[in-house]
Asker: 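This is the structure I have questions about; it appears just below.
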2 protein chains.
Amino acid sequence: MNLRDLRYLLAVAEHEHFGRAAKACGVSQPTLSVQIRKLEDLMGVTLFERSSKTAAPTAACLQLIGHARAAVTEAEAILATARNLRDPLSGRFRLGIIPTLAPYLLPLVFAPLREALPTLELEPWEDQTTALLERLRTHELDAALLATEEDGSDLVSRPLFDEPFLAALPPEHPLAGRPVIVETDLARDILVLADGHCLRDQTMEACGGDAALGGPLRASSLPTLLNMVAAGYGTTLIPGLAAGAAQDAGIVLRPLSTRAGRTVRIAWRAHFPRRAAVEAVGEVIADRLRAFAEGAAAGAV
Amino acid sequence: MNLRDLRYLLAVAEHEHFGRAAKACGVSQPTLSVQIRKLEDLMGVTLFERSSKTAAPTAACLQLIGHARAAVTEAEAILATARNLRDPLSGRFRLGIIPTLAPYLLPLVFAPLREALPTLELEPWEDQTTALLERLRTHELDAALLATEEDGSDLVSRPLFDEPFLAALPPEHPLAGRPVIVETDLARDILVLADGHCLRDQTMEACGGDAALGGPLRASSLPTLLNMVAAGYGTTLIPGLAAGAAQDAGIVLRPLSTRAGRTVRIAWRAHFPRRAAVEAVGEVIADRLRAFAEGAAAGAV
DNA sequence: GATCGCGATAGGCTTGACCTATGAACCTTC
DNA sequence: GAAGGTTCATAGGTCAAGCCTATCGCGATC
């Protein structure tokens, strides 16, 4: 049985006439005769009572056409729905973002994304890198903003912008008077984030790679870390986008001598079919951050 | 688009694996790959995200499979319903019966019909001949029990049994003493049914064919006519099956010298597809009335 | 590095839906 | 009552499409 056959059935039932039904279906009358006959043979039921005048649906036919109409309607609903889904820039887009980036990046890019991609329903999801990669692989996310290189060939990524690190010091700190900070000088009293934050590893690497660095404190979030620094418990490195929040907290910021920083990338599954949406989202973010990245590059020269 | 394609779609979505889905569908894996690809091209939507591990349904696909499942389910419901309708001896069977026959025949044949054709839902419809023929032609009846020959080649009929007429007389009537009645002797004070009853025409023909026969009275039903005869207002001819009711009313019944009678026939549209049901119903009625018909024939010899 | 498993592709076969032309039955009209 | 115009059914040929087997390319795994 075929959806086409069901359409033929409905047409003949409606017109009660093979010729007119054939015209309505855009086929010849013999085609309809043959197909209806096949349908009758398949079902073992006479569907129409033919006479020289008309083709009247039998009682059995009347019982069947309800289902037939439902099937045809559902099939058409599939195509209609597909038409609406055709635009890859439309629909839900679940974007993972690491916690040291989300609170500072989202306010910058949310409105531009809405404006550039009005039909894309952006759903941000904040979590640490490994959790985001896991959710990417299980199709629970469509893309993720990370500050690390992707791992594994099943995922790919492209860089969006460079984010320099800044030294964050309490105002009364001995190094606060210097215009530029040498990272290794921070190692003595540096504070770091908890395990799992990529920023923790990057900070430690920039400051000398000592795994025992940072003492017993493990801040669970960047705002917490900033408050600790502001309170005079130590120093840290912060990503450039957090500069505003750090200054608001009364922290002194200084550029680093080695121009250390991180590259924010957007990552997605290699086979993800809505590549266009990923590209578009990345493009909007990169555009919005271009001034920031150029400023960072200029400052580094 | 095709129901087969939708089944393929559902299978791949369920198994998340082309090979296993192909096995479940009973086709080869390349077949499935090609058909799904065509479906994707038709819809303009990527349905599955393929990788070397698995074929995961996309968000778009998940939105579509609900409709797809509904369409396939409806299509299967058609076949299931058709299977139930396949037996022509099952289902509604609308049988028209003329009013001078229905009250006496139905009590005789209803139970035998139920027993012989338990799945046939018999719906009797009582009306005069012309109305029954009209309803037959408009497909509002499946068959009709008549006492006339069918008219027009679009309808056909077969005889079921012969029903002799009997002279019906008030006990005090002068002719009541005779063992056999000559029909034309009844003409003087005969009572007839209203226009439209075939029995009216047959009575008048048997008694001399005078159109002015029967005086001003036009009984609207046979029971009324019987009561009029019982009350002494005149005589009439009654069909044999009404004999019991007439005797109950206190009427004297006598055979006719010419053995006049009528043939009860079952009529149906020439193209009616449930011919088997018509034949079966007719057969049960003829069987049940065989004794009656033979008795009538014997009585006539 | 070889093997295995996945989906995609290629080439050839066969089915079946379609068309036009024609037939058979029936109705209407002159 | 013969002619012509309906109706649906049938016949024969064409062509698209679905299917198969064989093979490829890619990635993971041992």
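Chain letters run A, B, ... following the sequence lines, proteins first and then strands; every chain starts at 1.
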Asker: Grab the CG-P distance between B:Leu42 and D:dA16 for me, whole Å please.
Answerer: 18 Å
Asker: Taking C-beta and beyond as the side chain, do B:Leu85 and A:Leu64 meet within less than 4.5 Å on heavy atoms?
Answerer: yes
Asker: Expressed as a whole number of angstroms, how long is the span from B:Leu155:CG to C:dC26:C1'?
Answerer: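 Result: 15 Å.
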Asker: Using whole Å, what does the distance between atom P of nucleotide C:dA8 and atom CG of B:Leu47 come to?
Answerer: 12 Å
Asker: Does some side-chain heavy atom of B:Arg37 sit less than 4.5 Å from a side-chain heavy atom of B:Ser33?
Answerer: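 Side chain of B:Ser33 against side chain of B:Arg37, heavy atoms only: no contact under 4.5 Å found.
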Asker: What's the closest nucleotide to the side chain of B:Arg50 if the choices are D:dC8, C:dC6, C:dG7?
Answerer: C:dG7
Asker: Would the distance check show the side chain of B:Thr58 and the main-chain N or O of B:Leu47 forming a donor-acceptor pair, the cut-off being under 3.5 Å?
Answerer: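 Answer holds: yes.
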Asker: Residues from residues 1-16 of chain B sitting under 4.0 Å of DNA chain C, heavy atoms only?
Answerer: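 Listed by number, there are none.
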Asker: Checking contacts here: which listed nucleotide (C:dG7, D:dC8, C:dT20) is nearest the side-chain heavy atoms of A:Ser28?
Answerer: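 For A:Ser28, the side-chain atoms sit closest to C:dT20.
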Asker: Between C:dA8, D:dA9, C:dC18, spot the one nearest the side chain of A:Ser33, thanks.
Answerer: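 The listed nucleotide nearest to A:Ser33's side chain is D:dA9.
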Asker: Rounded to whole Å, how long is the line connecting atom CG of B:Leu32 with atom P of C:dG7?
Answerer: 9 Å
Asker: Atom CG of B:Leu39 and atom C1' of D:dA17: how far apart are they, to the nearest Å?
Answerer: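 Whole-Å distance recorded here is 15 Å.
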Asker: Does D:dC20 have OP1 or OP2 under 4.0 Å away from a side-chain N or O of B:Thr31?
Answerer: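 True: B:Thr31 side-chain N/O within range (under 4.0 Å) of D:dC20 OP1/OP2.
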Asker: Can you check the B:Gln29 CD to D:dG18 C1' distance for me, whole Å?
Answerer: 15 Å
Asker: Closer than 3.5 angstrom, by distance alone: can the side chain of B:Arg269 be matched with the main-chain N or O of B:Leu136 as a donor-acceptor pair?
Answerer: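 Looks like yes, one N/O pair under 3.5 Å.
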Asker: For the side chain of B:Arg37, counting heavy atoms from C-beta on, which of D:dA9, D:dT21, C:dA8 is nearest?
Answerer: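 Among the listed nucleotides, the one closest to the side chain of B:Arg37 is C:dA8.
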Asker: Where each residue is assigned the nucleotide of DNA chain C containing its nearest heavy atom, which of B:Ala55 and A:Pro30 is assigned the position nearer the 5′ end?
Answerer: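 Its nearest nucleotide lies further toward 5', so the answer is B:Ala55.
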Asker: Send over the distance from B:His271 NE2 to C:dC27 P, rounded to a whole Å.
Answerer: 9 Å
Asker: May I ask you to evaluate whether A:Ser52 reaches the phosphate of C:dA25, defined as a side-chain N or O under 4.0 Å from OP1 or OP2?
Answerer: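 False: A:Ser52 side-chain N/O out of range (4.0 Å or more) of C:dA25 OP1/OP2.
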Asker: Side chain of B:Lys38 only, please: which of D:dA22, C:dA17, D:dG18 is the nearest?
Answerer: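 Minimum distance to the B:Lys38 side chain belongs to D:dG18.
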Asker: Return yes if some donor-acceptor pair links the side-chain N/O of A:Thr119 with the main-chain N/O of A:Leu89 below 3.5 Å, else return no.
Answerer: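 The answer is yes, because a donor-acceptor pair under 3.5 Å joins these two groups.
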Asker: So that I can tick it off, tell me whether B:Arg94 and B:Glu140 are bridged by a salt bridge, with the cut-off set at under 4.0 angstrom between side-chain N and carboxylate O.
Answerer: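 No salt bridge links B:Glu140 with B:Arg94.
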Asker: Quick one: which of D:dC20, C:dC18, D:dA11 gets closest to the side chain of A:Gln35?
Answerer: C:dC18
Asker: B:His17 NE2 to C:dC6 P: how many Å, rounded?
Answerer: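 One finds 4 Å between P of C:dC6 and NE2 of B:His17, rounded.
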Asker: Measure from the side-chain N and O atoms of A:His197 to the backbone N and O of A:Arg200, and report whether any donor-acceptor pair falls under 3.5 Å.
Answerer: no
